[in-house]
Asker: 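The structure that follows is given in the form of structure tokens.
Remember, it's 1-based here, ligands and their atoms both numbered in the order they're listed.
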Amino acid sequence: MRKLLVAGNWKMHMLNHEAVSLARQLKVRSLGLHRVGLVLFPPFTALTAVAEILNDSDLQLGAQNLHDRRSGAFTGEVSGEMVRSAGGSWVLIGHSERRQFFGDTDAWVNLKVHAALEAGLRPMLCVGESLEERQAGRLQEVLGRQLAEGLKGLTAASATELALAYEPVWAIGTGVVATPEQAQEAHALLRGMVAELLGMDAAQRLSILYGGSVKPDNARLLMGMPDIDGALVGGASLKADDFVAIAQAADGVVK
Ligand code: 13P
């Protein structure tokens with residue numbers, strides 16, 4: 001059985017004192033939740049401060065991006081090793097906002113996945129189609145390309161640390177959530193594709209999170225679907241009440 005995962009992508013929010021305050025609240029309020037894994041993705045600037053808060057807790061920490069090189073003259077970039085040294089154990093890769101605004105191509109995403117694994121980080125690879133792509137009947141093609149390119153060169157053994165996040169672009173920050181059936185369809189497709197790329201065993205072990213307007217009132221139904229192994233939460237992860245409510249929903253889902 002896979003333990004559900006609920007992750008909070010704080011995006012470009014949270015000054016350090018706000019990040020520390022939110023992390024403190026989450027640490028205390030998630031104490032009784034043993035059947036769900038929780039991961040926080042603050043901005044780079046708050047990683048160390050949040051790491052200190054989470055130090056003696058089960059909450060895990062990650063960065064929202066990394067550069068594919070280990071070090072060098074890359075002004076403004078952050079390496080996997082740096083994320084590790086700041087206390088991170090996860091990293092988001094290929095979020096649609098990075099693909100849309102910062103030039104993250106499938107090829108670069110792939111380099112980042114490899115760099116993350118080499119640095120000892122767990123990559124959470126984000127994939128998802130735009131509204132136009134969905135309406136043109138290209139869901140399978142788009143997810144297939146993002147996955148095949150993103151996972152190129154990975155073996156089943158190296159994929160044990162990997163997680164996927166299905167985030168349909170049209171559901172991100174829009175309040176329009178995929179129906180549980182739409183999300184389940186995409187997740188089942190993704191798991192089938194991973195089975196072809198990396199084998200059935202890897203596919204069954206892989207956690208696939210849903211992201212896109214997850215809120216306390218829709219979380220339980222989504223995570224109750226057979227191939228939905230948790231949630232990657234944006235806006236609602238910035239409020240302790242909402243994030244805790246989503247984590248509680250996950251904790252109550254028995255699969
Ligand atoms: P929202 O939950 O704000 O729609 O954001 C989803 C997301 O992009 C998480 O990575």
Asker: Identify, for atom 2 (O) of ligand 1, the protein heavy atom at the shortest distance, and state residue, atom and that distance.
Answerer: Gly234 N, 2.9 Å

Asker: Might you point out which heavy atoms bring Leu40 and Leu26 nearest each other, and give the distance in Å?
Answerer: CD2-CD1, 3.8 Å

Asker: Ser213 versus ligand 1: do any nitrogen or oxygen atoms come within less than 3.5 Å of each other?
Answerer: yes

Asker: Show the atoms of ligand 1 that are less than 4.0 angstrom away from any heavy atom in Lys11.
Answerer: 5 (O), 6 (C), 7 (C), 8 (O)

Asker: Tell me yes or no: between the side chains of Trp170 and Glu132, is some donor less than 3.5 Å from an acceptor?
Answerer: no

Asker: Check each atom of ligand 1 against the heavy atoms of Gly212 and keep those under 4.0 Å away; list them by number with element.
Answerer: 4 (O), 6 (C)

Asker: Any non-hydrogen atom of Ser237 lying under 4.0 Å from ligand 1?
Answerer: no

Asker: Mind checking whether Leu232 contacts ligand 1 via backbone (N, CA, C, O), side chain (CB onward), both or neither, at a 4.0 Å heavy-atom cut-off?
Answerer: both

Asker: Please state which part of Cys126 comes within less than 4.0 Å of ligand 1, counting heavy atoms only: side chain, backbone, both or neither.
Answerer: neither

Asker: If the condition is side-chain contact (heavy atoms from CB on, under 4.5 Å), which residues does Ala86 pass it with, not counting sequence neighbours?
Answerer: Leu47, Thr48

Asker: For ligand 1, find out whether one of its N or O atoms is nearer than 3.5 Å to an N or O atom of Gly173.
Answerer: yes

Asker: Counting heavy atoms only, which of His95, Gln64, Glu97 is nearest atom 8 (O) of ligand 1?
Answerer: His95

Asker: Which atoms of ligand 1 sit under 4.0 Å from any heavy atom of Ala171?
Answerer: 4 (O)

Asker: How far is atom 7 (C) of ligand 1 from its nearest protein heavy atom, and which residue and atom is that?
Answerer: Glu167 OE2, 3.2 Å

Asker: Any donor-acceptor pair under 3.5 Å linking the side-chain atoms of Glu133 with those of Ser130?
Answerer: yes

Asker: I'd like to know if Ala236 contacts ligand 1, where contact means a heavy-atom distance under 4.0 Å to any ligand atom.
Answerer: no

Asker: Would you compute the distance between atom CG of Leu125 and atom CG of Leu209 and round it to the nearest 0.5 angstrom?
Answerer: 12.0 Å

Asker: Is there a donor-acceptor contact under 3.5 Å linking the side chains of Gln64 and His95?
Answerer: no

Asker: Students should be able to answer this: which protein heavy-atom is nearest to atom 3 (O) of ligand 1, and at what distance?
Answerer: Gly235 N, 2.8 Å

Asker: Name all residues meeting the side-chain contact (heavy atoms from CB on, under 4.5 Å) criterion together with Lys239; count only those two or more places apart in sequence or in a different chain, and write none if there are none.
Answerer: Asp242

Asker: Within the supplied structure, the quantity of interest is the number of heavy atoms (other residues, nucleotides, ligands) at a distance under 6.0 Å from Gln140 CD; does it exceed 12?
Answerer: no

Asker: Are any of the heavy atoms in Lys215 under 4.0 Å away from ligand 1?
Answerer: no

Asker: When you look at CD of Glu77, are more than 12 heavy atoms from neighbouring residues, nucleotides or ligands closer to it than 6.0 Å?
Answerer: yes

